[in-house]
Every structure is written in structure tokens, then in C-alpha cells.
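Reading through the C-alpha cells given below for one structure.
Just so it is clear, the structure is predicted and the values come from calculations on it, not from any experiment. Just so it is clear: chains get the letters A, B, ... in the order the sequence lines come, proteins before strands, and each one is counted from 1.
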Amino acid sequence: MRVATWNVNSLNARMPRFVAWLKEAEPDVVCIQETKLKQDAFPYLELELLGYESAHFGQGQWNGVAVISKVGLKDPIMGIEGGRPESEEARAITVDCNGVGIMSIYVPNGRAVDSDHYRYKLRWLASLRRHLDEHFKPTDKLIVAGDFNIAPEDKDVWSPEALLGSTHVSEPEREALRELKGWGLVDSFRHFYDQDGLYTWWDHRGGAFHKRQGLRIDYLLVTEPLETLLNWALVDRNARKGERPSDHAPVIIDFSMP
DNA sequence: ATGGTAGAGGATCTA
């Protein structure tokens, strides 16, 4: 089973590349972030023709998360606030794909350390952990995938010095991520790779991609029963090249289902 | 030197 996560930064703008990438990467499940689409504007039919069922938690101008699956998709839960999705931003959706719990999440950016939005980011991460407690056990097969907007360690950023005092690298954010992992999740990419210089996001501005100035802020956290089944993981940097790329590259994992 | 680009939407806001 092959599961990917990709912040597409507008599915409308990315659809031509997204469809081409599906045919090339052949994922069974994709966790999408930043669809920037209203609930009913999701391209359900076009993706169905490619063999995917879809569940979308849309908002419109901003945010929006979805899961698409070739291996079954049921029991969607919109949001993490306990059944009142109309009162929260469209940043999380939970589904079951072939007996594997799948979450597509888009963690708030944080904007500036100690801002209201930064405090919202930390609260949101605490809510996510409560959502896990409510719906899953660490012994379940579960993948929490998406744009976390946190670089876990200094080796996940191109220059810790340049980013000193910024969001994405602050200690409270990293501590909140460790708390989440402490529930019973491991970073599937780090299961295979230990080195620095491996990123998933590069700013559109200033030619950051070509200067290798990136951050690793997109990942797939998995429970132990899935970690033992992992075959490989990669960042698809090719998707960040060429015409009209998202500022994020997809991350893909592959594991053997018993 | 607080720059630069992309997307949504139709002036700025978000990232």
C-alpha cells in the first residue's frame, strides 16, 4: 500500500500536474492539503475516473484538506473538534482506508512567534492529540500525514541561523510535535534517512528551491504496527520542478499489508 | 536593503 501527502497550494491551480503525478507515482492513497476549494467544488468525478474515491473537508479561499483512495474509503470525520466542523477551519479530515486510519492535516502556520496565530497553532496541536485519544489507539494502524508547519530538528532546515526566532523551528512548536509523537507515532521518513539537507518545502520567493533553501515540514507519522511494515519512503523533488509547481513536494511511503 | 512569488479574488490576505 502506497500512501502520499502533498500540500498542493490550490488543487484548482495544480490539477493538471496533480493528475499527471497520480499516473506516475501510482499512490493508493493521497492526503491533500490546501485544496482552497469549497466543499462541493472538489473534483470528485475527475478523480473517480482515475479510480479514486474522495473525502473532502473544504472551506473555500483558504485551507481545505482531503483524502483520495483506490483501496476503499469510509467513515469520514471532518475536523478535530468533536463533530462541529462548521465552527472550525478546514484543517483535518480522518478516514478509514482498507483498515488503516488515515488523517490529512494542515497545521496552522503560526505566522510569528508569540502571535495570536502562533498560540492557535499550539492549541490546535493539543486538540489533534485529543482527537487521536478519542478515535484511535497506538496499537491501531494509523497514519497522520500532512503539512505540519514544524521542522522537527535543526537538520530539517537549510540554515538554523537564518531561521532563528522564526516559527516552524521554535522550541514550543517542536515540543508540541514531540508530545504528539509521544502518543505513539514515528516519522516514517526518518525511519529510513538520518541525514540533513532533505526538505519538502521551498519558498516560491527568491529562487529558494534552486538555492536548496528548504524545510522538512511535511511528513507521514505512523503507529508502530505500520512502522514494522514499511518498505521505503521518499520526497518527490521532481514535483517541485518545472511549470507552476506547488511550493511543497509530495512525500510517499510504501508498506506491505499482511 | 523587510526584498521576493504564488494563489484567491477582485483590495488585500495568506503563506
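A centroid separation of 6.0 Å or more is found between the aromatic rings of A:Trp202 and A:Trp158.
Defined by atom type and a distance below 3.5 Å, a donor-acceptor pair is present between the side-chain atoms of A:Glu34 and A:Asn7. A donor atom on one side chain and an acceptor atom on the other are found under 3.5 Å apart for A:His131 and A:Thr94. Under 3.5 Å, the side chains of A:Asn231 and A:Ser256 contain a donor-acceptor pair of N or O atoms. Using modelled atom types, one finds no donor on one side chain facing an acceptor on the other under 3.5 Å when comparing A:Ser87 with A:Glu81.
In summary, A:Arg2 and A:Asp254 engage in a salt bridge, as defined by a charged side-chain N under 4.0 Å from a carboxylate O. Using a 4.0 Å cut-off between charged side-chain N and carboxylate O, A:Asp156 and A:Arg190 make a salt bridge.
Rounded to whole Å, atom C1' of B:dA15 lies 11 Å from atom CZ of A:Arg91. Atoms CD (A:Gln33) and C1' (B:dT14) sit 16 Å apart, rounded to a whole Å. The distance between atom CG of A:Asp147 and atom P of B:dA15, rounded to the nearest whole Å, is 10 Å. Taking atom CD of A:Gln59 as the reference point, atom P of B:dT14 lies 12 Å away to the nearest angstrom. Nucleotide B:dC13 holds its P atom 11 Å from the CZ atom of A:Arg111, rounded to whole Å.
Ring orientation note: the planes of A:Tyr44 and A:His56 are nearly perpendicular, at an angle over 60° on the 30°/60° scale.
To the nearest whole angstrom, the two P atoms, one in B:dA1 and one in B:dT12, are 28 Å apart. Comparing the same atom, C1', in B:dT14 and in B:dG9 gives a spacing of 13 Å after rounding to whole Å. The C1' atoms of B:dA8 and B:dG3 are separated by 23 Å, rounded to the nearest whole Å.
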Discussion item. I'd like to compare against my own output: the B/S/- annotation of nucleotides 3-12 of chain B with a strict under-4.0 Å heavy-atom distance to protein.
Written reply: -BBSBSS---

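Within the 4.0 angstrom heavy-atom criterion, only backbone atoms of the sugar-phosphate kind lie near A:Tyr106; the bases stay farther away.
Looking at residues 152-162 of chain A, you'll see that no heavy atom sits under 4.0 Å from any atom of DNA chain B.
Residues A:Trp21 and A:Asp236 come closest through the heavy atom pair NE1-OD2, 2.9 Å.
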